[in-house]
Asks: 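Once you've had a glance at the structure underneath, I'll fire off some questions.
Residue numbering restarts at 1 for every chain, and letters A, B, ... go by the order of the sequence lines.
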Amino acid sequence: MERYEPLKIEQKWQKIWEETKPFKATEEPGKPKMMLAEMFPYPSGAGLHVGHVRNFTIVDVLTRFYTQQGLNVLRPFGYDTFGLPAENYAIKTGTAPQDVTKTNIANFRKQAKRLGYAIDWDREINTSDPEYYKWTQWCFLQLYKKGLAYQKESYQWWCPEDQTVLANEQVENGKCWRCSHEVEKKKMKQWFFKITEYADELLEEIDSLEWPEKIKTMQKNWIGRSVGAEIDFEVAGGAPHITVFTTRPDTIYGATFLVVAPEYTALDSLLTDDTREKVLDYKATALKKSEIERQENKEKTGVFTGSYAINPATKEKIPIWVADYVLAGYGTGAIMAVPAMDDRDHEFAEKFDLPIVETELCDRDLFGTPKVTYRMRDWLISRQRYWGCPIPIAYDKDGNPHPIPEDQLPVLIPEVDDYKPDNSGRSALAKAKDWLKVTINGEEMTRETDTLDGYACSSWYLWRYASPHDIEAAWDQDAIKYWEPVDYYCGGDHAVAHLLYIRFWCKFFADEGFLPFREPIKRLLYNGYINAPDGKKMSKSKGNVIDPLDVINDGYGADTLRTYEMFIGPYDMDAAWDPRSVGGVYRFLNRCWTLAFATEYNRTDKTINIRHKTIKKVTEDIHRYNFNTAVAALMEYVNELYKSGATEEDVIALAKLLKPFAPHLASEMLEKLSANDEWPQWDEKYLVSDTVEIVVQINGKLRAKLTVNTDDLNDEKKITDLALADEKVQKYTKSGIKKTIFVPKAKLLNIVI
RNA sequence: GCCCGAGUGGCGGAAUUGGUAUACGCGUUCGACUUAAAAUCGAAUGGUGAAAACCAUAUGGGUUCAAGUCCCAUCUCGGGCACCA
């Protein structure tokens, strides 16, 4: 007898799909569309991992489900290729990041094809392809034109030894992670996107999204809208007044001192000859403190500036202190301290022996002007890295920035011999001396050497999918109108970063008339991680990584891998890999194969009820994203077909329902049965049987079961009489009954004694 | 510290609107087939108990005819934010 040979079947169908391109999507005006995408992967050298497979398979199940239901479906694919790993590899080996990326993409593509995904491969995109990043630069210029891409001086971590900016995570105990030199906070000019311009709309529209509550809450907290007031405090002795932000202007009578951040811009004007040295010392120490230190040790520190302010409510002179518990980047960088009301101010006052005055509340608008402040800061987008999208800007001889004209795009990444940053703290782009020179409108200029944060490249890629090879525009208006916004977007990361940035760009481009919608993603599925069998995170160093390609090549095949990852648990929860359960799913698919290829069919349709029940269950479960219970329903169905025998129709229905999960096997079954893959329908009339089981409870405890005609289900009296006549029930009802409650919907009768 | 989410057999998990707790899978045990093993097929499987029955959804209360599900308090785990005035 023939056996189920997944690798043979899968190779056959993958070849057919490669040649006939059944997943190629074209706009068909009038036909309902469905666009689905996963968060495109960063193609690492390690290849696909089981987390990718879970993510991509969720999208694939929905893609195939809606295709079988007759919708016009687009499911594209792409690669997020700029980033540190490729650059570090280049620094270490001298291999061009372009070449490493090419190799990794080829590997990812090959592996994705072995999983049988219903991808329109003609729409593949790659963010480091000049044809793509030309339009990333175009997007930047649109933001720049409207003043939403701008330069600003701000404090950054700086390593004087390596001459480079460091991210917070690259600073360990106040020292550079590479050279262990003490880092300092340095004022530097950097590029920002003005996301705060859209803070209110980003916040307001969250509630209208069909996204997980968890993500919506995280975004709301991230934006962090606070309603309060700004209040001016005059400074005794003539220094400029200090504006504070407070959410409690009504507590101003209790404000007994002011506190400014160490980075406060007008700090100098507050100092006296007696305090100057001490305050500047404090400032230097505070700026040196790493974020980690600051978070771990919240012991209040601070010094008196030497100046006093006038409380506009009490007219009293109150001291002005500097302390690092006040943050420069939030509000005005200065606060009025109300130690009687605020825990932090209280702690500070106790420690430095400052007055604490109980206060009556006053009218909120009496002394200040209403002001709304956000926790969210503008998005710092410049990176001193080689392997990123060059910022399309050049500087004239006076250092003023000028946009590169759109007809000179793309600004290509120059080739260099050494990818390491030089000691000017600039990226390796600065080493391409010829490339640096550019002529704009006849004027000699020098190019910007910073590149864009990778998140900029992924802030518009979903729109590129609509017309991926367009050379006239970033996206085609007709195509975008037909396909987008995205109906389903699936991923397990970037809850606030990417998912907020893409919303921001969407609103901006909608305002500019380039997009006909203001939210890019209708429904978001946020999938959980897959952990090692011991529940710990998979990692190379722990040696507990499961390679999906090993699972396939071990003989289980892609269909088992896919179906197992859908069966592993609720899609949005973390799950632990269980190699033995993989075997269970493989056995299930084997049984499906046997039903199609090695079974005599029943002539009489004894299984019509379970068939219709299963069709309904699987359909509704996929609509609810309950993929695990959909697979369980198919297993139950197969077990029943084994027991009762199957008709040809049973097996055709099985293959159709199985196809989203195990498309190769299902295609093979459908071919054998000469059937199409149209999604099956159920008929409610087959879901009711002639008789129905009634549960009889005594005081809520199951005591007996009755079988009655379905027609009698609404005859409460008949059922109650039947129940009371039951031998088991009578054991309990000798001393009489208080009342009965009959619930036809639950097929349940509760007798209270 | 604050904000989310979760806690159910030996294990992963099911229970969709308050209505038969433990679907489905793994594991285990027994049986069939086999010289044997694997594979496959079938049966059993929450705990205690001979049985009747009783006890079980993190813990303690409450609401209800009825609670895994709702309410209050507590504990544990996971995630996010973290001196945001």
Asks: In whole Å, I'd like the distance from the CZ atom of R580(A) to the P atom of rC11(B).
Replies: 12 Å
Asks: For atom C1', what is the distance between rU45(B) and rA23(B), given to the nearest Å?
Replies: 15 Å
Asks: Tell me: CZ of R624(A) to P of rA14(B), nearest whole Å?
Replies: 13 Å
Asks: Looking for any heavy atom pair under 4.0 Å, which part of the strands does K701(A) touch: base, sugar-phosphate only, or nothing?
Replies: sugar-phosphate
Asks: OP1 or OP2 of rC41(B) versus the side-chain N and O atoms of R591(A): is any pair under 4.0 Å?
Replies: yes
Asks: Decide, for rG9(B), between syn and anti: a glycosidic angle within 90° of 0 counts as syn, anything else as anti.
Replies: syn
Asks: Among Y501(A), F192(A), Y455(A), find the one that has a ring pair (Phe, Tyr, Trp, His ring centres under 6.0 Å) with W379(A).
Replies: Y501(A)
Asks: Quick one about Y732(A) and R703(A) (side-chain donor to acceptor, distance below 3.5 Å, no hydrogens or angles considered), yes or no?
Replies: yes
Asks: With the side chain of V326(A) defined as its heavy atoms from C-beta on, choose the nearest nucleotide among rA85(B), rU20(B), rG25(B).
Replies: rA85(B)
Asks: Y374(A) near the nucleic acid: base, sugar-phosphate alone, or nothing, with a heavy-atom cut-off under 4.0 Å?
Replies: nothing
Asks: Across all strands shown, which nucleotide pairs with rC70(B) by Watson-Crick or G-U wobble geometry, both distances under 3.5 Å?
Replies: rG62(B)
Asks: Would you say the side-chain atoms of T256(A) pair up with the backbone N or O of P355(A), donor to acceptor, closer than 3.5 Å?
Replies: yes
Asks: May I ask you to evaluate whether S226(A) reaches the phosphate of rA85(B), defined as a side-chain N or O under 4.0 Å from OP1 or OP2?
Replies: yes
Asks: My understanding is that a pair needs two contacts under 3.5 Å, Watson-Crick or G-U wobble. By that rule, which nucleotide pairs with rA38(B)?
Replies: none
Asks: Report yes if a side-chain nitrogen or oxygen of Y732(A) is closer than 4.0 Å to either non-bridging phosphate oxygen (OP1 or OP2) of rA53(B); otherwise report no.
Replies: yes
Asks: How would you label the contact of N590(A) with the nucleic acid (heavy atoms, under 4.0 Å): base, sugar-phosphate, or nothing?
Replies: nothing
Asks: Is there a Watson-Crick or G-U wobble partner for rA52(B) with both distances under 3.5 Å, and which nucleotide is it?
Replies: none
Asks: Is there a Watson-Crick or G-U wobble partner for rC81(B) with both distances under 3.5 Å, and which nucleotide is it?
Replies: rG1(B)
Asks: If I pick the C1' atom on rU8(B) and the same atom on rC2(B), what distance separates them, to the nearest angstrom?
Replies: 29 Å
Asks: Think N628(A) has a side-chain N or O under 4.0 angstrom from the OP1 or OP2 of rA14(B)?
Replies: yes
Asks: Does a side-chain heavy-atom distance below 4.5 Å link N527(A) with D572(A)?
Replies: no
Asks: In the structure shown, which nucleotide is the Watson-Crick or G-U wobble counterpart of rA23(B), with both distances under 3.5 Å?
Replies: none
Asks: Using the C1' atoms only, state how far rC33(B) lies from rG46(B), rounded to an integer number of Å.
Replies: 32 Å
Asks: Base, sugar-phosphate, or nothing for V743(A), non-hydrogen atoms under 4.0 angstrom?
Replies: base
Asks: Quote, to the nearest angstrom, the P distance that separates rU57(B) from rG68(B).
Replies: 7 Å
Asks: Is R375(A) touching bases, backbone alone, or none of the nucleic acid, heavy atoms closer than 4.0 Å?
Replies: base
Asks: Closer to the 5' end of RNA chain B via nearest nucleotide, is it K739(A) or I568(A)?
Replies: I568(A)
Asks: If rC33(B) has a Watson-Crick or G-U wobble mate with both distances under 3.5 Å, name it; if not, just say none.
Replies: none
Asks: Given rC81(B), is OP1 or OP2 found less than 4.0 Å from the side-chain N or O atoms of K214(A)?
Replies: no
Asks: OP1 or OP2 of rG27(B) less than 4.0 angstrom from a side-chain nitrogen or oxygen of R587(A), does that happen here?
Replies: yes
Asks: Of the listed nucleotides (rA21(B), rG25(B), rC83(B)), which one gets closest to any side-chain atom of N639(A)?
Replies: rG25(B)
Asks: Cation-pi check, K300(A) to Y325(A): give yes when NZ or CZ is under 6.0 Å from the six-membered ring centre and within 45° of the ring axis, no otherwise.
Replies: yes
Asks: In whole Å, measure the gap between the C1' atoms of rC55(B) and rG49(B) for me.
Replies: 11 Å
Asks: Output yes when at least one side-chain N/O atom of Y330(A) is less than 4.0 Å from OP1 or OP2 of rA85(B), else no.
Replies: yes
Asks: Determine the interatomic distance between P on rA58(B) and the same-named atom on rG13(B); round to the nearest Å.
Replies: 14 Å
Asks: Please work out if E347(A) contacts a base, only the sugar-phosphate, or nothing of the nucleic acid, heavy-atom cut-off 4.0 Å.
Replies: nothing
Asks: Could you please name the partner base of rC75(B), counting Watson-Crick and G-U wobble pairs only when both distances are under 3.5 Å?
Replies: rG7(B)
Asks: Partner lookup for rU17(B), please. Criteria are Watson-Crick or G-U wobble with both distances under 3.5 angstrom; report none if nothing qualifies.
Replies: none
Asks: Is N531(A) close enough to rG78(B) that one of its side-chain N or O atoms is under 4.0 Å from OP1 or OP2 there?
Replies: no
Asks: Confirm from the modelled atom types if K745(A) and rU17(B) form a donor-acceptor pair under 3.5 Å, side chain to base only.
Replies: yes
Asks: So, are R225(A) and D200(A) salt-bridged, with charged N and O less than 4.0 Å apart?
Replies: yes
Asks: Is it the case that the base of rC83(B) and the side chain of K300(A) share a donor-acceptor contact (distance under 3.5 Å, atom types as modelled)?
Replies: yes
Asks: I need the CG-P distance between N750(A) and rU20(B), as an integer number of Å.
Replies: 11 Å
Asks: Can T691(A) and N709(A) be counted as having a side-chain donor-acceptor contact under 3.5 angstrom?
Replies: no
Asks: Contact class for K617(A) vs. all strands (heavy atom < 4.0 Å): base, sugar-phosphate, or nothing?
Replies: base
Asks: Roughly how far apart, to the nearest Å, are rG25(B) and rA15(B) at atom P?
Replies: 16 Å
Asks: Taking only the C1' atom of each, what is the distance from rG27(B) to rC72(B) in whole angstrom?
Replies: 40 Å
Asks: Would you call K283(A) and E263(A) a salt bridge, using N to O less than 4.0 angstrom?
Replies: no
Asks: Starting from the 5' end of RNA chain B, give me the residue, W222(A) or A632(A), whose nearest nucleotide shows up first.
Replies: A632(A)
Asks: Kindly assign one of parallel, tilted or perpendicular to the pair F627(A) and F661(A), based on the angle between their ring planes and the thresholds 30° and 60°.
Replies: perpendicular
